Amino acid sequence: MDFLYTIWIPLIPFLLFLLIGLTGMYFKPIVSGIVGTVGLGVITLLSFITAYQYFFVDGMVDGVYQKIVAGSYTWLAFTDTLHIDMGVMLDPIAVMMLLVVSIVSFMVHIYSLGYMKGEKGFSRFYAFLSLFTFSMLGLVVATNIFQMYIFWELVGVSSFLLIGFYYDKPSAVAASKKAFIVTRFADFGFLVGLLLLSYITGTFDFKTLTSPEGIETIRGAGLTFMGASAVTWAMLLIFMGGAGKSAMFPLHIWLPDAMEGPTPVSALIHAATMVVAGVYLVARLFPVFIMVTPESLNVIAYIGGFTSLFAAVIACTQFDIKRVLAFSTLSQIGYMMLALGVSGYGEHGLGFTASMFHLSTHAMFKALLFLGAGAIIHAVHSNYMYEMGGLRKYLPITHLTFLIACLTIAGVPPLSGFWSKDEILAAAWHHDKLLFFIEFAVAGLTAFYMFRLYFSVFWGKETHYHHTPHESPLTMTIPLMLLAVASIFAGFIPFGEFVSSDGIPHHGEIHMNIAVPSVAIGLLGILVALLMYRRETTVPDRIAKALGGFYRTVYHKFYIDEVYLFVTKKIIFNLISRPVAWFDRHLVDGTMNKVAWVVEFSSYRTRQLQSGQLQHYAVFFVAGVLVLVLTFAYFLF
Amino acid sequence: MHEIPLQYILIVSTLMFFIGVWGFIVRKNLITILMAIELILNSVNINFLAINRFLYPHHLEGHFFGLFVVAIAAAEASVAIAIIINIYRRFTTINVENVSEMKH
C-alpha cells in the first residue's frame with residue numbers, strides 16, 4: 001500500500017482556507033468554525049493512519065526507517081538535477097511532526113470555538129488558522145529545501161496575519177510588523193544559505209542531500225571564505241533562518257511581542273508548531289551538519305544553551321502570564337537546539353532523539369499551558385498575574401490541567417517532560433560539561449518560574465473580582481483535558497525506537513545519575529516558589545530590591561530591544577539611511593525632476609501653435625513644402 | 001494646326017494650383033475652401049494629360065490617372081459636404097474661423 005493519500009493532509013487545510021476565506025462572510029460565523037474544526041479532525045485522523053502505516057507497516061526496510069516520497073510534482077526544472085518540486089516526503093521526524101501539528105491544531109480549533117466566540121472576524125480567524133495549518137504541514141512534509149523555504153515564508157505570513165488579528169489595536173499591529181521583519185531578516189540568511197548549498201551540491205532534494213553520496217559531494221567542495229569552508233557558511237546561514245523562526249538569541253525579540261495575538265494563536269504558532277520549525281530544519285539537515293561541518297553544530301549548541309538560560313532568567317521577572325510562557329518557550333526551544341548541537345550520529349545520536357522527543361512533549365504541555373492561560377484570561381479579563389489570585393476555587397478544571405502542565409515542564413516524573421529533559425541532559429553531559437551545568441540550572445529556574453506563575457494565579461492573595469470568574473465552556477475545557485492526558489502519557493512512548501538520526505531504532509534508557517539530580521533541582525525550584533508565592537508575602541519584593549540594578553536589567557529583558565532600537569534608529573537610520581535618502585531625493589530625483597521640467601516648459605510654449613484654426617495649419621504645411629522644395633532645388637541644381 | 005506649346009499649358013496649371021492654394025488659405029467659407037481644393041486637383045489633372053500627350057503620345061496612363069483623380073475628387077467632395085453640413089448643424093455657421101474647438 002502506498003502513501004499517496006498523504007498529499008491530502010496539506011491539501012485539505014488549503015481548500016478549507018479558500019472555502020472559509022472566500023465564502024465565510026455568507027454564513028453565520030459558527031459555520032466557518034465548525035467546518036474548519038471538522039476538516040482538522042479529518043487531517044488528524046489521516047495523520048494517525050499515516051503514522052500507524054509508516055511506523056508499524058511499511059516504513060521500515062531492513063531495519064532502517066526509510067525516507068519515502070509519497071508524491072512529487074516537478075514544478076520548476078532548472079537542470080536535470082536542480083529542480084524545485086512540490087511533494088510529500090515521509091520519514092520519522094516528518095511523521096512525528098505531522099502528528100504534533102495536526103493534534104495541536106485540532107485542539108486549538110476546538111478551543112477557539114469557545115474562546116473566540118462573538119469576536120469580530122470569527123470566520124477570518126478560522127480562515128487564517130487553516131492557512132497556517134496548510135503552510136506548517138507543507139513545511140513538515142517538504143521533499144526539498146526550496147519547498148520548505150516556500151512554506152517557511154507562508155507560515156511567516158500566516159503568523160503575521162494572526163498576530164495582527166486585532167488590527168485596530170496599535171500594539172498588535174506593531175507586534176505583527178516586528179515579527180514579520182525580524183523573521184524575514186533571518187529568512188534572508190536562509191535563502192542565501194540554501195542557494196549556496198544548492199550551488200555546491202547541485203540539488204535541492206533532501207533525500208539526495210542527506211544520502212551518503214550527497215554527503216560526499218558536499219565534503220568534496222573545496223571553496224573557502226574567510227577561513228571557513230563554503231559549506232560551513234551555508235549551513236550557518238541556514239541555521240540563521242532557523243534561529244529567526246525559532247527565536248534564538250539574538251533574534252528572539254519578536255516572540256514576546258507576538259503574544260499580542262489571540263491566545264489560541266500563541267498556543268498553536270508561538271509555542272507548539274511554528275517556532276519549532278527552526279529545530280525541525282536543523283534536524284532535517286542533521287546528517288549534513290554532523291558529517292560535514294560538526295563545528296557549526298557547536299555554534300548551534302552554544303546559542304541554544306545561552307538562549308535557554310537567558311530566557312529562563314527573564315521569565316522569572318515578568319508579570320504578564322503570556323510573556324512568562326513566551327520566555328519559557330524560548331528557553332525550551334533553546335533546550336531542543338542544544339540537544340541537536342550536542343548530538344552525535346547513529347549510535348551516539350541520543351541528542352537528536354532527545355531533541356525531537358522534547359519537541360513533541362513540549363508541543364503538548366506548552367499548548368496546554370497557553371490554552372490554560374487563555375482560559376484564565378477569559379475568566380479574569382487581564383493578562384497580569386498581580387491582578388489574579390485564588391483562582392483555584394473558580395476554575396477547577398483549568399487549575400488541575402494547568403498544574404499538570406507545570407509539573408510536566410518542571411520535569412517531575414513520570415510526566416512526559418521528565419523523560420525528554422532527562423535525555424537532553426544526558427546528551428549534554430556526554431558532550432560538554434559546561435552546557436550540561438547551564439541546562440541543569442535552567443531546569444531549576446524553569447520549575448521556579450512556572451510555579452511562581454502557578455501559585456500567584458491559583459493561590460496567593462485573595463483578589464476581589466468585578467464579577468465572579470467562572471469556568472470556561474466545554475469547548476475550551478475538553479482540549480485542556482485531552483492535552484493534559486497527552487502531557488502525562490507522551491513520555492512513555494519509546495521514542496528512540498521510532499526517531500533517530502540515521503533511521504535505525506535505538507533503545508532508550510533512563511540515566512539515573514542524571515535523572516536524580518535534575519528531579520531534585522526541579523523540586524527545589526518548586527519548593528522555593530511555594531515558599532515565596534503560596535501566600536502573599538513581601539519576600540519577592542525584598543529580593544527584587546536587594547538585587548537592584550540586576551533585577552531591573554532582567555525585568556527589561558536585558559535591554560535587548562533598546563539595543564536594537566539604538567542600532568537601527570540611531571546608527572543605521574542616521575548614518576546610512578539618511579545620506580542614502582538625501583542622495584536619492586536630491587541627486588537622483590532632482591535630475592529626473594529637472595528633465596521633466598524642461599520637457600514641460602517647452603511643451604507649454606509650443607502648444608500655443610495648436611490654435612485650432614484650420615488655415616493656420618495649412619499655412620505651416622504649405623510653407624514647409626516650399627522650404628523642402630527650395631532645399632532640394634538648391635542641392636540638386 | 002499649330003500646336004500650343006507645353007510650357008503654356010504648364011503655366012496655366014501652375015497658376016491654377018497656386019490660386020487654389022491661395023484660396024484654401026485665405027477664404028473663410030468652407031464651401032469656397034472646398035472649391036479651392038477642386039482647383040488644386042484639376043490643375044494636377046491638366047498636368048497629367050498634357051505631359052502624357054507631349055511625352056508619350058501612344059500611351060494612356062496619364063488619361064487613366066486623370067479619370068482616377070476625377071473619381072477621387074467626387075468622393076472627396078461628397079464626404080467634405082457631409083462634414084460641412086454636420087459642422088453647420090453643430091455650430092450654425094460654416095465660417096472656418098469659428099470652427100476651432102480642436103486646439104490645445
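Remember, predicted model here, so these are calculated numbers, not experimental data. Reckoned from all heavy atoms, side chains included, excluding hydrogens, waters and symmetry mates. Naming convention: chains lettered A, B, ... in sequence-line order (proteins, then strands); numbering from 1 in each chain.
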For atom OH of A/Y617, is the number of surrounding heavy atoms from other residues, nucleotides or ligands below 6.0 Å larger than 12?
yes

Taking the side chain from A/Q615 and the backbone from B/F24, do they hold a donor-acceptor pair closer than 3.5 Å?
yes

A/F620 atom CZ, over 12 foreign heavy atoms within 6.0 Å
no

Can you tell which part of B/V21 gets under 4.5 Å to a heavy atom of chain A, answering side chain, backbone, both or neither?
side chain

B/S100 and A/S611: which non-hydrogen atoms are nearest, and at how many Å?
CB-O, 4.1 Å

Any salt bridge (Lys or Arg N to Asp or Glu O under 4.0 Å) involving residues 34-47 of chain B? Give me the pairs, sequence neighbours left out, ordered by first then second residue.
none

Is it the case that over 12 heavy atoms from other parts of the model lie below 6.0 angstrom from the CZ atom of B/F91?
yes

